[in-house]
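For this chain, numbers begin at 1 and follow the sequence in order. Remember, it's 1-based here, ligands and their atoms both numbered in the order they're listed.
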Amino acid sequence: MKVFVTGGAGYIGSHTLVQLLAAGHEVCVFDNFANSSPVALDRVRQLTNRDMGLVQADIRDADALCDAVTTFAPDAVVHFAGLKAVGESSDLPLLYYQTNVSGTMNLLAAMDAAGCTRIVFSSSATVYGEAHYLPFDEDHPIAPTNPYGRTKAMAEGIIGDWAKATSDASAVLLRYFNPVGAHESGRIGEDPQGIPNNLMPYVAQVAVGRRASLQIFGDDYDTRDGTGERDYIHVVDLAAAHLAAIECAASTSGCEAVNVGTGQGVTVRELVAAYERASGRPIATNVVARRSGDVASSYAATTKAARLLNWRAAFNIDDMCATSWRWQSTNVDGYGAGETQ
Ligand code: NAD
Ligand code: UD1
């Protein structure tokens with residue numbers, strides 16, 4: 001199958017490329033490297049012993065995107081490209097709407113021009129907002145609490161409308177919970193620029209000595225140990241969910257939203273303990289005030305993914321920490337983008 005992958009050089013994209021290439025698919029990556037490195041694609045080539053097409057351009061450039069899609073003529077599109085920092089999305093909302101919403105519209109128009117009717121979209125559990133009940137199932141109300149989340153909810157709605165209006169269209173909206181971990185080789189992994197916003201990359205940088213101490217954002221939540229509880233999903237499991245979603249799109253029509261998580265909540269303190277076991281290093285922590293906008297607990301209902309995609313998570317938090325540590329300890333500065341602190 002020919003698969004066009006926007007944002008393929010990024011964290012989740014690069015792990016998905018490994019599996020797409022290993023499965024024999026022909027791949028074209030479209031990425032402007034706004035938040036990634038071409039080195040990631042070199043590593044994917046080394047890991048798979050296969051090559052892929054590459055167009056270095058911006059999804060906001062509708063003409064460049066349309067040229068790339070029509071030239072490659074894909075059977076399916078996987079749409080990772082986008083901006084994902086919650087705090088930045090409040091400071092630069094128009095950049096987020098242009099990239100995540102207009103970029104998605106440009107992609108759908110390009111697919112129309114190329115006669116491509118299958119798309120798998122990177123959405124987020126953040127579209128649910130405050131939990132009315134747990135676990136989050138796909139029918140939970142959509143009420144994002146920040147501009148980033150609203151761009152994902154809008155893009156989901158636009159893809160749904162496009163699917164209704166396009167004969168034979170098939171769209172799978174994958175709502176990721178908290179992707180972490182790395183490829184078992186330790187050759188590709190998450191390489192955040194600047195100070196990590198998310199827990200696992202921050203913990204990894206404390207373990208490797210790049211940062212002194214983890215700030216725990218609140219230990220007075222209504223959870224087992226008072227710290228925030230999340231559904232961490234191994235990026236290799238997440239990549240496999242994309243291949244399953246492409247298969248699903250090949251045999252169904254319409255638009256389906258599907259959670260991608262393990263269904264298991266892990267607290268901050270539990271994750272830190274798992275990382276200490278994996279790395280053999282102590283992780284210094286200090287408790288500070290809650291982070292604004294955080295919820296106590298978030299975890300997925302996983303039955304729809306099992307039913308529709310025949311996919312389930314295989315890896316646990318120890319696997320996630322072990323692979324994260326392998327990547328972090330052998331690539332202390334990530335792909336070499338340099339330090340900010
Ligand atoms: P990432 O930043 O590592 O990857 C995104 C890729 O898109 C990067 O390679 C970046 O260079 C590229 N890109 C950004 N803007 C672009 C533009 N205008 N034109 C072309 N390429 C552009 O992020 P990721 O963690 O791999 O996330 C991939 C997708 O999954 C994103 O859409 C993100 O919102 C979504 N998502 C991520 C998480 C997470 O925690 N990582 C959770 C839920 C959803
Ligand atoms: C964040 C995003 C969310 C996104 C998700 C994807 C915010 C507010 N939300 O959510 O939109 O979908 O990532 O992965 O950024 N924590 C600490 N110290 C830290 C960092 C985090 O204690 O330095 C705690 C948090 O309070 C939370 C847990 O660790 O309880 C996980 O945090 P994080 O990795 O940022 O993920 P989310 O909060 O789920």
Parallel, tilted or perpendicular: rings of [Y] and [X] (30°, 60°):
{"X": "His79", "Y": "Phe121", "result": "tilted"}
{"X": "Phe4", "Y": "Phe72", "result": "tilted"}
{"X": "His183", "Y": "His15", "result": "tilted"}

Polar atom proximity, [X] to ligand 1 (N or O, under 3.5 Å):
{"X": "Ala34", "answer": "yes"}
{"X": "Asp58", "answer": "yes"}
{"X": "Ser124", "answer": "no"}

Contact partition for [X] relative to ligand 2, non-hydrogen atoms under 4.0 Å:
{"X": "Tyr232", "result": "side chain"}
{"X": "Val86", "result": "side chain"}
{"X": "Asn197", "result": "backbone"}
{"X": "Met200", "result": "neither"}

For [atom], which protein heavy atom lies nearest, and how many Å away is it?
{"atom": "atom 34 (O) of ligand 1", "value": "Tyr148 OH, 2.8 Å"}
{"atom": "atom 38 (O) of ligand 2", "value": "Arg291 NH2, 2.9 Å"}
{"atom": "atom 19 (C) of ligand 2", "value": "Phe217 CE1, 3.3 Å"}

Under 4.0 Å between a Lys/Arg side-chain N and an Asp/Glu carboxylate O for [X] and [Y]?
{"X": "Asp237", "Y": "Arg312", "answer": "no"}
{"X": "Asp225", "Y": "Arg269", "answer": "no"}
{"X": "Asp318", "Y": "Arg277", "answer": "yes"}
{"X": "Asp168", "Y": "Arg118", "answer": "no"}

Just wondering, do Asn35 and Lys84 contact through their side chains at under 4.5 Å, heavy atoms? yes

Out of [options], whose heavy atom sits nearest [atom]?
{"atom": "atom 30 (O) of ligand 1", "options": "Tyr176, Tyr11, Phe80, Phe30", "value": "Tyr176"}
{"atom": "atom 8 (C) of ligand 1", "options": "Asp31, Thr104, Thr151", "value": "Asp31"}
{"atom": "atom 35 (C) of ligand 1", "options": "Gly82, Gly10, Ser122", "value": "Ser122"}
{"atom": "atom 20 (C) of ligand 1", "options": "Asp61, Asn32, Val29, Ile12", "value": "Asn32"}
{"atom": "atom 18 (N) of ligand 2", "options": "Arg211, Glu88, Gln215", "value": "Gln215"}

Region of Asn35 engaging ligand 1 - heavy atom pairs below 4.0 Å: both

How does Ser123 reach ligand 1, if at all, at less than 4.0 Å between non-hydrogen atoms: by side chain, backbone, both, or neither? backbone

Any donor-acceptor N or O pair under 3.5 Å, side chains Arg175, Tyr128: yes

Which atoms of ligand 1 are found less than 4.0 Å from any heavy atom of [X]?
{"X": "Ile59", "value": "17 (C), 18 (N), 19 (N), 20 (C)"}
{"X": "Ala81", "value": "7 (O), 21 (N), 22 (C)"}
{"X": "Lys152", "value": "31 (C), 32 (O), 33 (C), 34 (O)"}

Measure the CD1-CD1 distance between Ile12 and Ile233 for me, rounded to the nearest 0.5 Å. 10.5 Å

Working to the nearest 0.5 angstrom, can you tell me the gap between Thr117 OG1 and Met111 CE? 7.0 Å

N/O separation below 3.5 Å, Leu199 to ligand 2: yes

Could you tell me whether Tyr148 and ligand 2 have an N or O pair separated by under 3.5 Å? no

Heavy-atom closest contact (Tyr232 atom, Thr262 atom, distance): O-CG2, 3.4 Å

Measuring from non-hydrogen atoms of Ser124 to any atom of ligand 2, is the shortest distance under 4.0 Å? yes

Answer with yes or no whether Ala57 contacts ligand 1, where contact means a heavy atom under 4.0 Å from a ligand atom. yes

If we number the atoms of ligand 2 from 1 as shown, the ones under 4.0 Å from a heavy atom of Asp294 are 8 (C), 25 (C), 26 (O), 38 (O)

